[in-house]
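Residue numbers start from 1 in every chain, and the chains themselves are labelled A, B, ... in the order their sequence lines are given, proteins ahead of strands.
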Amino acid sequence: MSSKRFAEVIVELKSSQVDRPFHYEVPDHWQQQVEIGTRVLVPFGPRRLEGYIVGFSMAAEVTKTKPILEVLDDEPPLTPDLVQLAGWLSERYLCTTAAAVQALLPSGMRAKASTTLRLADELPFVQPGSLEADLLQALYESPNKTKEQLIAERPEWRPILRAWVAAGILIESYRIKQGAQVKTITCLRCTLDATRFPAALEALGRAKKQKEVLAFLFDRDDAVPMKDVLSELSASSSTLKPLLEKGYIQKEEQEVLRDPYGIVHGQKEQPLPLTELQRAAYDQIAAAVDSRKPETFLLQGVTGSGKTEVYLQAIASCVAQGRQAIMLVPEISLTPQMVERFKKRFGDDVAVMHSRLSAGEKFDEWRRIRQGDVTIVVGARSAIFAPFHSIGLMIVDEEHEVSYKQDDHPKYLAREVAMYRARQHGATVVLGSATPALETRWWAHQGQIRRIEMSERVMGQRLPKVKVIDMRNELQEGNRSMFSTVLQKEMEKRLETGEQIILFLNRRGFATFVLCRSCGYVARCPECEIPLTFHKARGLEQLRCHYCGYAERMPNICPDCQGDHVRHFGTGTQRVEEELNRVFPEANVIRMDVDTTSGKGSHAVLLQRFRNQEAQILLGTQMIAKGLDFPNVTLVGVISADTSLFVPDFRAAERTFQLLTQVAGRAGRHQLPGEVVIQSYNPQHYAVQFAKKQEYENFFQHEIRVRHAVHNPPFRELTAFTSVNVNETEALRIARTVEDRLRILFQGRDDVIILGTSPAPLSRLQGKFRFNVVVKYVRFKQVGASIRTVYLEAAQEAQKAGGYLSIDVNAQMIL
DNA sequence: GCGGTCACATGA
DNA sequence: CATGTGACCGCG
């Protein structure tokens, strides 16, 4: 045998102190089974931990070692390229390798090792009434309790347990419990062959039902699910018992995959004919996939230009080459209709991945991918980690969406992960949007990305007419309603003709805060300092904090000046609904917001009702802005374009433009011409003006100059440190430490700008103080190592101070 | 991340 | 000195 190899294992602990490989001996009987990516159970100090093999080293390099205790899977969960990806994630987003590994595997993958205890023959002598006596009694009474359970019950038993194990009074053994279980169903099989079957049937005598069951199973070659047998023959399980006892039939467990969507039966849908523009886009993408060289496209197509059909056909051509494809969509647009479209085109070659699946369902979809049962994945952000072995194409639809940035560690950006995997696999990335992220459009301008434009709508419909209403004039003219005269008139028209209306409430940031019109008092959450929002449920007027859930009654008089002019201000969907009921009492309204769509599937139900024309007006927030397509909608109203413009965020203009453009795109996608009314107190703002004309390119030209002037993306990348602590001075101190160290490290570097310590826009969340330090730099490669050092050191100090420090590399939003 | 251990305070 | 408590050490 060649010289012994030792496994380098990353243990499942998310602490920077242990974020390095540890060496373990591979027992001979596992030599064949372990490879890079294998999940193992290893001894780690006094504990047993799950870990992943990330490499091997030779004996000479190893100083200390213990043997691997267990190999946890038949097939390694991670492929070597995923191990490499985990390494990259940890470097790019400054997280531990363990955290990266966890992000790229389905939740529920984690196994739990538990320790069982058995009393040896020799019993300990214990003082009656002592801790030891209690423990001994517990061990007798519930011998199946694990060591972990006992310690959780009475922590003071821990040292006794340790002593008894050392003295040989207790014998430990461990058991592994998989997180998500492989689901099995019980099946029945006839054990008899043709020679013994007649005799057995005879022997059953007058047991008619038993004979039926036996004959039924004898006719089948395969095992049949028990519940099918019972329902088919309308037998009960008691019929089976004698057959099992006689050994004529046997039970066996068969693995099944949970399939949350089911297989779509019937004819697979055929590809649709492509327009000239679609054909041109398809040809370029398919050629890139063929070339097997990594390449990224920006597919910039106006709403209704038919991007999805291009995606579908590009995926088909990729799959035809024996390679796999990943399609990312924003979580919100991962609707049943969307999934159905893929299932209809590709049948059961498709796996679906999103956050609303149960842990078991996720695990099973993941296994279908890993085992090669499917070639296509449709999913939200994390689907970019699908464990395919040869990816040909990755599509990021609506690539500008903020939801492509993960909000906890590792705070990855799906678009970047796609581009990294493309380099690993020689794959093509397609970033699709009508309103691309400014960065993406800029990279296309610079030539790093190839841009394909689709500027015409497939059906040749005209873009909707957009009117911008200056709300300041309305107020001057004495219209105190939230609907301008124009919007109200247009709505009346639609209600008469029976056409439908979508009302969009741009509620980002400041919603319905409560303000005293006499003294300016604003009701805030005592914990978070965030303006409370007004809610009305079952006649009860309440103020609630959107971040921590705090609630109080709506005050009648101002707590500050005792005046009686306290009003809720801004506009929430509920208030618009009330106003609608007042102005148009005969109209049916469907309201969609967090309150009405919390239940599972309620989102889809409401949309279906609107589609069935059970209501003339659909009223909602961002969640109705995209992906919707209703033939009978001819009017879209935006109550106020302003709210998102004044969010303290450099992307506010971009977001507002994108939102307004998307919303406007909802109108008139079919035969009927569409109209859009945007109300604003700042109608002259360029984001509003360019959205009105649906001019992305002009908006881009304008905004890019703004970004350049103030050194914001795409000219610099932003990384944000957030120091969090219940103690304000400590939070501030850590943030200042970060700032000071960064200033020292980057002294004299004009490619780096440090924005000093400032209270975070959400300065108090859940009773904790938050301070931000933001670094702007040109190339992460040139600053990453320094930022990492500062982060690791300061994070440790923050922990000592009872708080924590988090980091967001390439932050999309500073919160 | 966390169990073990060590240094030190507290109390009789 | 026994016992409790908090910091920190090191895991292969």
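Distance, A:Q796 CD to C:dC9 P: 10 Å, rounded to whole Å. In this entry the distance linking CG of A:L13 with P of C:dC11 reads 14 Å, nearest Å. The distance from atom CD of A:E148 to atom P of B:dG1 is 19 Å, rounded to the nearest whole Å. The interatomic distance linking A:L41 (CG) with C:dG12 (P) rounds to 13 Å, in whole Å. Counting to the nearest Å, the C1' atom of B:dG1 and the OH atom of A:Y804 are 17 Å from each other. A straight line from CG of A:L161 to P of B:dG4 spans 11 Å, rounded to a whole angstrom. Per the geometry, CD belonging to A:E25 stands 17 Å off P belonging to C:dC11, to the nearest Å. Going from atom CG of A:L49 over to atom C1' of B:dG1 covers 8 Å, rounded to whole Å.
Put simply, the residue from A:V54, A:V83, A:L85, A:I53 that forms a side chain to side chain contact (heavy atoms under 4.5 Å, CB included) with A:L78 is A:V83.
Nearest heavy atoms, A:Y52 versus A:R39: OH-CD, 3.2 Å.
Between the side chain of A:R370 and the backbone N or O of A:P76 there is at least one donor-acceptor pair closer than 3.5 Å.
You'll find that the side chain of A:Q799 is closest to B:dG1, out of B:dG1, C:dC11, B:dG3.
Here A:Y24 lies in heavy-atom contact (under 4.0 Å) with sugar-phosphate atoms only. Among the atoms of the strands shown, base atoms are found under 4.0 Å from some heavy atom of A:Q17. Across all strands shown, A:T65 has heavy atoms under 4.0 Å from sugar-phosphate atoms exclusively, and none from any base.
A:F780 carries A:R92 over the face of its six-membered ring, with the cationic atom under 6.0 Å from the centre and within 45° of the normal. For the pair A:R5 and A:F56, the cation-pi test (distance below 6.0 Å, angle within 45°) is passed.
Residue A:R158 places at least one side-chain N or O closer than 4.0 Å to OP1 or OP2 of B:dG3. Here A:K14 does not reach the OP1 or OP2 of B:dG1: none of its side-chain N or O atoms lies under 4.0 Å away. Distances shown here put a side-chain N or O of A:R162 below 4.0 Å from the OP1 or OP2 atom of B:dG4. Between C:dC11 and A:K64, a contact under 4.0 Å exists linking OP1 or OP2 to a side-chain N or O.
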